[in-house]
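Working notes, beginning with the structure itself.
Only a predicted model underlies this, so the values are computations on that prediction, with no experimental measurement involved. Every chain is numbered from 1 and lettered A, B, ... according to where its sequence line falls, protein lines coming before strand lines.
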Protein chains: 2
Amino acid sequence: MSILLRIKEQLPQLKTAERKVAEQILKDPAAIIDYVITELAEKCGVSDPTIVRFCQKIGLKGFMELKLNLAGELPKPVQVHRSVNEDDSPARIMDAIFDGHQGALQSLKNQVDTEMFEKAVDWLCNAKRIEFYGFGACGCVATDAQYRFCRLGVACNAFLDVHQQFWSASLLDSNSVVIALSTNGATKNIIETSRLASKAGARVIGIIGRNKSPLHPLCDMAFSLPCQEPAPAIMRFSTRIVQLALLDALFVTTLLRNSQIKENLERVRESLSDIFFEN
Amino acid sequence: MSILLRIKEQLPQLKTAERKVAEQILKDPAAIIDYVITELAEKCGVSDPTIVRFCQKIGLKGFMELKLNLAGELPKPVQVHRSVNEDDSPARIMDAIFDGHQGALQSLKNQVDTEMFEKAVDWLCNAKRIEFYGFGACGCVATDAQYRFCRLGVACNAFLDVHQQFWSASLLDSNSVVIALSTNGATKNIIETSRLASKAGARVIGIIGRNKSPLHPLCDMAFSLPCQEPAPAIMRFSTRIVQLALLDALFVTTLLRNSQIKENLERVRESLSDIFFEN
DNA sequence: AATTTCATGAAGTAAATTTACGTAAATTGT
DNA sequence: ACAATTTACGTAAATTTACTTCATGAAATT
C-alpha cells in the first residue's frame with residue numbers, strides 16, 4: 001500500500017511528536033524529498049530520532065527509505081507539453097511524446113468532475129441505445145468506444161459517415177445517449193448531429209478537447225479535456241489518449257454497476273476463444 | 001528530461017570508467033535504488049568518486065539525487081495496475097484506470113529499444129507504402145495510425161477486413177512496411193496476414209502486447225509492449241494506449257526526419273480549415 | 001505519594017557521500 | 001620523439017547525513 005495512505009491510517013495512533021511529523025509530511029509530501037532529516041525535524045519542531053522512529057512505525061527502515069518511497073509514489077509534476085524539433089534525437093522525441101500523454105492523463109485526473117462523471121454513468125446504465133459520433137481522429141475514438149460499449153449488451157453505434165449520423169440521430173429518443181467526440185468542438189458536422197440528437201430527445205454527452213466551444217451549449221453534459229497542446233491539429237495526440245481514458249473509465253464503471261452486463265461480457269469472452277492459436 | 005534518457009544520450013561522450021557506471025545503471029536501474037555508493041562502485045569496478053563525478057556530469061548534485069530521481073521515474077511495481085471491483089467508488093475506478101495508463105506509458109518509456117525504434121523510423125521514411133493491420137481493438141488503433149500516417153503523403157492503408165488484408169498483403173513489395181498490431185500476438189488472421197506480407201517482401205513491424213508470441217518470429221522487427229494487465233481481453237485498455245503512443249512517436253519522428261513530408265502536412269492543414277466554424 | 005512506563009531529545013556514533021589531492025595515463029605541442 | 005600540459009581516476013581525508021544510545025522528565029498506575 002502507498003506510504004501516504006499508510007501514514008493517514010496510522011495518524012490517530014501516533015504520539016504527539018510523531019503526529020507532527022505525519023502532518024508535516026501529508027501537508028507537502030513532495031518537499032520531504034529535498035529535506036535532510038534535521039531540516040524536517042526542525043520544520044516539525046521535533047528531534048531527529050523522532051523522525052526515525054516515525055519511519056519505523058510506518059514500516060520503513062529509516063528516513064532514507066521514506067524519501068525514496070515518496071519519490072517513487074508522488075505524481076511527477078505535470079509535464080507541460082514539450083516541443084520537439086528536427087534536431088532532436090529519436091529517443092528524445094519519443095520521451096517528449098510519452099511525457100505529453102502522461103501529463104495529459106495527470107491533468108485529466110485532476111480536472112474531471114466526479115459528480116458529472118457519476119451522472120454520466122447513470123445515463124449510460126439506463127440507456128437503451130448509445131451512439132458515438134466523431135470525425136477524423138475522433139472517429140477512431142468513437143469506433144473504439146463503440147467496440148467496448150457494445151459488449152455491454154446495449155445497442156451501440158459509431159457512425160462516421162455524416163449521412164448515417166444524421167438519420168440515426170434523428171431517430172433517437174429519450175432512452176438514448178449520444179457521446180459526441182470533438183477535439184475542438186467546432187466541427188460543423190458534429191455540431192449539426194448533436195443538435196439533431198438533442199432535438200430527438202437523446203441525452204448528449206460531449207467529450208471535447210477545449211473549455212469553451214460552439215458544441216458545449218448543445219450538450220446536456222460536457223467534459224472539457226485538458227488541452228495543453230498548442231500544436232496543429234494533426235499533432236494533437238494527447239487529446240485522443242485522454243478521450244480514450246475517460247471512455248475507459250466510463251465503460252468500466254458502467255460495467256461494474258450492472259451485474260447483468262457482466263454476464264453478457266462473460267458470454268462474449270467465451271465466443272472469442274477460438275480465434276486465437278493459444279489459450 | 002528523464003534521467004535514464006539523459007544517461008543514454010551522454011553515453012558516447014563518457015570516459016571508460018564513467019561509461020561502466022552508465023551501463024550498469026541502464027542494465028538495471030531499479031537495483032540502484034537499493035545500493036549505497038560503494039556497492040555500485042564495486043559492481044562497476046570503479047571508485048566511489050567516479051560515481052559522484054558521473055552523477056554530476058549528467059546534471060545531478062550527487063549520488064543521492066540519482067537515487068531519488070530514479071525512484072521517481074521508474075514504474076512502480078505496485079501501482080501499475082490496480083484492480084477494481086464493484087464496491088469501488090466511481091472516482092476510485094477512474095483513478096485506477098488513469099493510473100494504469102500512466103504506468104503503462106512509464107514502462108514503455110523505459111522498455112522501448114531505442115535502436116530498434118530508429119531502425120523502424122528509417123524503414124518508414126523510405127517506405128513507398130505503409131499498411132496497418134489489426135483486428136478488434138487493434139483495428140481501431142490501425143485505423144487511427146493510418147489516419148495519421150497517410151498525411152505524410154505516403155500511401156497508407158488500414159484494412160480491417162480479412163479478405164482485403166489478404167489480397168493487399170500479397171501485393172506488397174520490398175518498398176512496403178507493414179505494421180502488425182496485436183494485443184497477444186496469437187490471433188490467427190493477423191498471423192496469416194503477416195506471413196503473406198513477409199513472403200511478398202514487405203518489412204513487417206510487429207507492435208505486440210506480449211514478450212513472446214506466435215507472431216514474433218514472423219516479424220522483421222517486433223516491439224513488445226509492457227503488459228502488466230492480467231485482465232480479460234476486453235479490460236486490457238492500456239495496451240491500446242501504449243500502441244497509440246508508440247505510433248505517435250514513430251509518426252512524429254518520421255515526420256521530422258523528412259522536410260518534404262512537412263510541406264505535405266502544411267498543405268493538408270490548409271485544406272481542413274473550412275470544415276470548422278472558427279479558426 | 002511512589003513507582004513504573006513511556007515519549008522525547010541531547011549527544012554521540014556509524015555510515016555514507018563528497019571533496020581534495022596526487023599519480024598515472026593520454027594528449028598536445030615543439 | 002620527448003617534454004609539457006591536460007585529463008582520468010583512485011586514495012584518503014573531510015564532511016554531511018542518518019541512526020543509536022541513553023538520560024530526562026512527564027504521564028499513568030499502583
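With A/I25 as reference, A/L66 is the one residue of A/L66, A/I3, A/I51 to meet the side chain to side chain contact (heavy atoms under 4.5 Å, CB included) rule.
Of the candidates D/dC9, D/dA18, D/dT21, the closest approach to any side-chain atom of B/K15 belongs to D/dC9. Distance from the side chain of A/S47 is smallest for C/dG9 among the nucleotides C/dT18, D/dC19, C/dG9. The nucleotide whose nearest atom lies closest to any side-chain atom of B/P49 is, among C/dG9, D/dA12, C/dT8, D/dA12. Side chain of B/V36, nearest nucleotide from C/dA16, D/dC9, D/dA18: C/dA16. The side chain of A/I37 lies closest to D/dA18 when the candidates are D/dA18, C/dG9, D/dT11. Proximity note for B/F63 (side chain, C-beta onward) versus C/dT17, D/dC9, D/dA18: the nearest is C/dT17.
The phosphate of C/dG9 (OP1 or OP2) has a side-chain N or O of A/T50 nearer than 4.0 angstrom. Distances shorter than 4.0 Å separate some side-chain N or O of A/T16 from OP1 or OP2 on C/dT8. In this structure, B/Q56 reaches the C/dT19 phosphate: one of its side-chain N or O atoms is under 4.0 Å from OP1 or OP2.
In this structure, B/M64 atom CE and D/dT17 atom P are separated by 10 Å, rounded to whole Å. One atom, CZ of B/R53, and another, P of C/dC21, lie 14 Å apart when rounded to the nearest Å. To the nearest angstrom, P of C/dA16 lies 13 Å from CG of B/D34. The distance between atom CG of B/L68 and atom P of C/dA16, rounded to the nearest whole Å, is 16 Å. Rounding to whole angstrom units, CZ of residue A/F54 and P of D/dC19 are separated by 14 Å. Computed from coordinates, the B/K61 NZ to D/dT15 P distance equals 17 Å when rounded to whole Å. Counting to the nearest Å, the P atom of C/dA16 and the CG atom of B/L66 are 17 Å from each other. Remark: P of D/dT15 and CG of B/D48 are 18 Å apart, rounded to the nearest angstrom.
Side chains of B/H216 and B/N211: a donor-acceptor N/O pair is absent below 3.5 angstrom, by distance only. Side-chain contact of A/S89 with B/E9: a donor-acceptor pair under 3.5 Å is present, judged by distance alone. There is a side-chain donor-acceptor pair under 3.5 Å between B/Q102 and A/Q106.
Comparing B/G45 and A/T38, the nucleotide of DNA chain D nearest to each residue sits closer to the 5' end for B/G45.
Using cut-offs of 30° and 60° for the angle between ring planes, the B/F132 and B/F149 rings count as tilted.
Nucleic acid contact class of A/E65 (heavy atoms, under 4.0 Å, all strands): none. Using a 4.0 Å heavy-atom cutoff across all strands shown, A/E39 reaches no nucleic acid atom at all.
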